[in-house]
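First the structure, in the form of structure tokens, and then the observations on it.
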Amino acid sequence: MTHENTSGTHSLNFIEQIIEEDIKNDKHGGRVHTRFPPEPNGYIHLGHATSICLNYGLAVKYKGLFNLRFDDTNPESEDIEFVDSIRQDVHWLGVDWENREFYASDYFPQLYDFACQLIRNGKAYVDFSSAETIAEEKGTPTEAGKESQYRNTKPEENLRLFEQMKNGEFEQGTCTLRAKIDMASPNMLLRDPIIYRIKKAHHHQTGADWNIYPMYDYAHPVSDSLEGITHSICTMEFEAHRPLYDWYLRELGIFPSRQIEFARRNFNYTIVSKRNLKRLVNEGYVNGWDDPRMPTVAGLRRRGYTSQAIREFADRIGVARRENVADIGLLEFCVREHLNKIATRVMAVLDPIKVVITNYPEGKTEWLDAENNPENPEAGNRSVPFSRELYIERDDFMENPPKKYFRLSPQKEVRLKHAYIIRCDEVVKNEAGEVVELHCSYYENSKSGSDTSGISVKGTLHWVSAATARTAEVRLYDRLFTQPEPGAQEEDMTTFINPNSLQIVQTFVEPSLQEATLGQAFQFIRKGYFCLDKDSTPDNLVFNLTVNLKDSWKG
RNA sequence: UGGUCCAUGGUGUAAUUGGCAACACGUCUGAUUUUGGUUCAGAAGAGUCUAGGUUCGACCCCUGGUGGACCAACCA
């Protein structure tokens, strides 16, 4: 049975080619089973997100299965807080792992038994050498290592010692269980790698059950194998580990999962390494892991990015084996594309200047009809109040405008969105010569939808009626770094922190925004996409800028 | 200097496995528009790191360079 390329005209990436080849050869009965194996020691970020999309996407595309498996083999650095956040973030990304949520720690008993099997077969031994000695005897890439003095201990003795390790009869650090492979291998990872080490730490899943914990290189292939993972996809730095991955599965004679490596995705204007992310949080450059400037999934979500946009992004940047730096601008394109379809249009003035419509009756309020989304008529309409005193954006007025300026300037006309055409008659300034107020007149017959004035204007401005305006705090975000590759420079990344990555402004917004809810997407007309922040209260509305609207005005 | 991997417009991926390089983002024009958004039409921009070789023909195969990434945690 042949499987068609389900992406139609799209060509296959190298992983899909491998998978389709496997299916063609009826390997594993054509079955496809992938997994995402996060270590619960931090929040997941955009890099993880694209990897999740890759693994889950492949399972979906080939009608296979996807597992979420926590790689929790190091209790000293892991925490239940992170398994909770990861579970939540992966789910938010739109991934359904059904009931297949696993933990490497689920396999501790089997991992132990398999280790005993290796010992019995003379493929593993307990080594009492110190960490320093082991490092010394490991050799260097250019010279072979030396065999440990414990390398030829008899299996029965090793079995006994290993059991003592398990029973906590040795202190942490006194010995390890090592695989007996080849101390002269050009691949350092094959020079008798450690299989188990002693850690007398509390584990978030298994408590105090274990005194020994398996290393990643051992636990990972076995976990993959036990779960029947057909294609174990990871990043390039694990390429050198593959011979070891294969060695364990072969020696144990268990299901031969296959590891496939791809080049990790880097993104410009941000950093994505856990260590540096942690620094940003700990050293106070941002306000926590879910700070909207963080490239964490939690941060992106709070910023107003949608999971659809992230998935689309992951899809568009593709996957390959060469070094790459994806353009974060493409992610912005993807959110705009999605938000344009779903965001409710509203009016908000971020940097207000007052406008008085001198020929409009005092005390009068008109409720004007406004569409919620021109891209989606089903989104319906709402009413916005119009009155004599309004606010418009300060940079929508210029006293001495350049030729192509379409906005308001003395004696010029513009349309107020959903409302009337107005003319600027008078500019009111304070003693410092700053413009503080504009006096305008409106054309009564130019009302939006029933305009008979015959006046044509090139500019349309957003506005908010002063009397009914709500105040709101708006948090304007910019990229966290001013350098395209802040993590790849000589200087410390913090020297490239953008001092203007967060700007908080007090604004006036239309009254309908009082009803805004968490998770709802808005477009502040002519400005950008925004969402309510979790800090918001009915008395103090807070909005986050997700991404600006494209702006082709070069003024 | 031991091993492994990688190299295609500014960026990210393609090129049906050898038939004179495509798509997306970005950039630049123009049209439409009651968002300088969206949409639509179009343009510029690489001859595939380099030098040879095989071939009628090479981004693709071979050899040698060059450049870059990764590998010597009781981390993952």
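We name chains A, B, ... by the order of the sequence lines, and we start the count at 1 in each one. This one's a predicted model, so the numbers in the text were calculated from it and none came from an experiment.
- With hydrogens and angles left out, the side chain of A/R526 and the base of B/U35 share no donor-acceptor pair within 3.5 Å.
- Between A/S129 and A/E337, it is A/E337 whose nearest contact on RNA chain B lies nearer the 5' terminus.
- Side-chain N/O atoms of A/R197 include one lying less than 4.0 angstrom from OP1 or OP2 on B/C75.
- No more than 12 heavy atoms of other residues, nucleotides or ligands shown are found within 6.0 angstrom of NZ on A/K146.
- Under the Watson-Crick and G-U wobble criteria, each requiring two contacts below 3.5 Å, nucleotide B/C23 is paired to B/G12.
- For B/C75, the OP1/OP2 oxygens have a side-chain nitrogen or oxygen of A/K199 closer than 4.0 Å.
- For the pair A/R321 CZ and B/U13 P, the computed distance is 13 Å after rounding to whole Å.
- Aromatic ring centres of A/Y107 and A/F114: separated by at least 6.0 Å.
- Taking 3.5 Å as the limit, the base of B/U34 and the side chain of A/S448 contain a donor-acceptor pair of atoms between them.
- Classified by its glycosidic torsion, B/G65 falls in the anti category, the angle being over 90° from 0.
- Straight-line distance from the CG atom of A/D246 to the P atom of B/U4: 16 Å, rounded to whole Å.
- Counting distance only, with no hydrogens placed and no angle test, the side-chain atoms of A/E239 and the base atoms of B/G3 include no donor-acceptor pair under 3.5 Å.
- Put simply, CG on A/L177 is 14 Å from P on B/C74, counting in whole angstrom units.
- Protein atom CG of A/L416 is 13 Å distant from nucleotide atom P of B/U35, rounded to whole Å.
- Rounded to whole Å, the P atom of B/U66 lies 15 Å from the corresponding atom of B/A51.
- Of the side-chain N and O atoms in A/R322, one or more sit less than 4.0 angstrom from OP1 or OP2 of B/U13.
- Rounding to whole angstrom units, CG of residue A/D182 and P of B/G3 are separated by 15 Å.
- No donor-acceptor contact under 3.5 angstrom links the side chains of A/R479 and A/T270, judged on distance only.
- Spacing of C1' atoms, B/A43 relative to B/G26, comes out at 14 Å, to the nearest Å.
- B/G36: no Watson-Crick or G-U partner with both key distances under 3.5 Å is found in any strand.
- Remark: A/T73 is in phosphate contact with B/A76, judged by side-chain N or O atoms under 4.0 Å from OP1 or OP2.
- Across all strands shown, B/C71 is found opposite B/G2 as a Watson-Crick or G-U wobble partner, with both distances under 3.5 Å.
- Considering only the side chain of A/Y216, B/A76 comes nearest among B/G12, B/A76, B/C25.
- Taking only side-chain nitrogens and oxygens, A/S552 comes nearer than 4.0 Å to OP1 or OP2 of B/G37.
- Across all strands shown, B/U66 pairs with B/A7; the Watson-Crick or G-U wobble distances both stay below 3.5 Å.
- For the side chain to side chain donor-acceptor pair (under 3.5 Å) test with A/H462, the passing option among A/E393, A/K527, A/H418 is A/E393; the others fail.
- Across the protein-nucleic acid pair, A/M183 atom CE and B/G2 atom P stand 20 Å apart, rounded to whole Å.
- Checking B/U55 for Watson-Crick or G-U wobble geometry (two distances, each under 3.5 Å) identifies no partner in any strand.
- Spacing of C1' atoms, B/U16 relative to B/A22, comes out at 13 Å, to the nearest Å.
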Stepwise ring pair (Phe, Tyr, Trp, His ring centres under 6.0 Å) test for A/F508 and A/Y391:
CA-CA 8 Å; A/F508 291 113; A/Y391 295 109; 4.1 Å; yes
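- We find that CD of A/E393 is positioned 13 Å from C1' of B/U35, with the value rounded to whole Å.
- For B/U13, one of the phosphate oxygens OP1 or OP2 lies less than 4.0 angstrom from a side-chain nitrogen or oxygen of A/N324.
- Between the P atom of B/C74 and the CD atom of A/E137 lies a distance of 13 Å, rounded to the nearest Å.
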Check step by step if ring pair (Phe, Tyr, Trp, His ring centres under 6.0 Å) holds for A/F530 and A/F522.
CA-CA 5 Å; A/F530 292 80; A/F522 295 100; 9.3 Å; no
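- Proximity note for A/E237 (side chain, C-beta onward) versus B/C75, B/U38, B/C70: the nearest is B/C70.
- Here the side chain of A/M236 is nearest to one of B/G26, B/G36, B/C5, namely B/C5.
- In this model, no side-chain donor or acceptor of A/R336 finds a partner on the base of B/U38 within 3.5 Å.
- Minimum atom distance to the side chain of A/M188 is reached by B/C71, of the listed B/C71, B/U17, B/A24.
- Note: A/Y245 and A/F238 fail the aromatic proximity criterion, with ring centroids not under 6.0 Å apart.
- Comparing A/W553 and A/D127 by the nucleotide of RNA chain B that holds the closest heavy atom to each, the one mapping nearer the 5' end is A/W553.
- Considering only side-chain atoms of A/N340, the nucleotide from B/A76, B/G36, B/U38 that sits closest is B/U38.
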Residues A/F82, A/Y43; criterion ring pair (Phe, Tyr, Trp, His ring centres under 6.0 Å); working and verdict:
CA-CA 6 Å; A/F82 297 119; A/Y43 283 71; 5.7 Å; yes
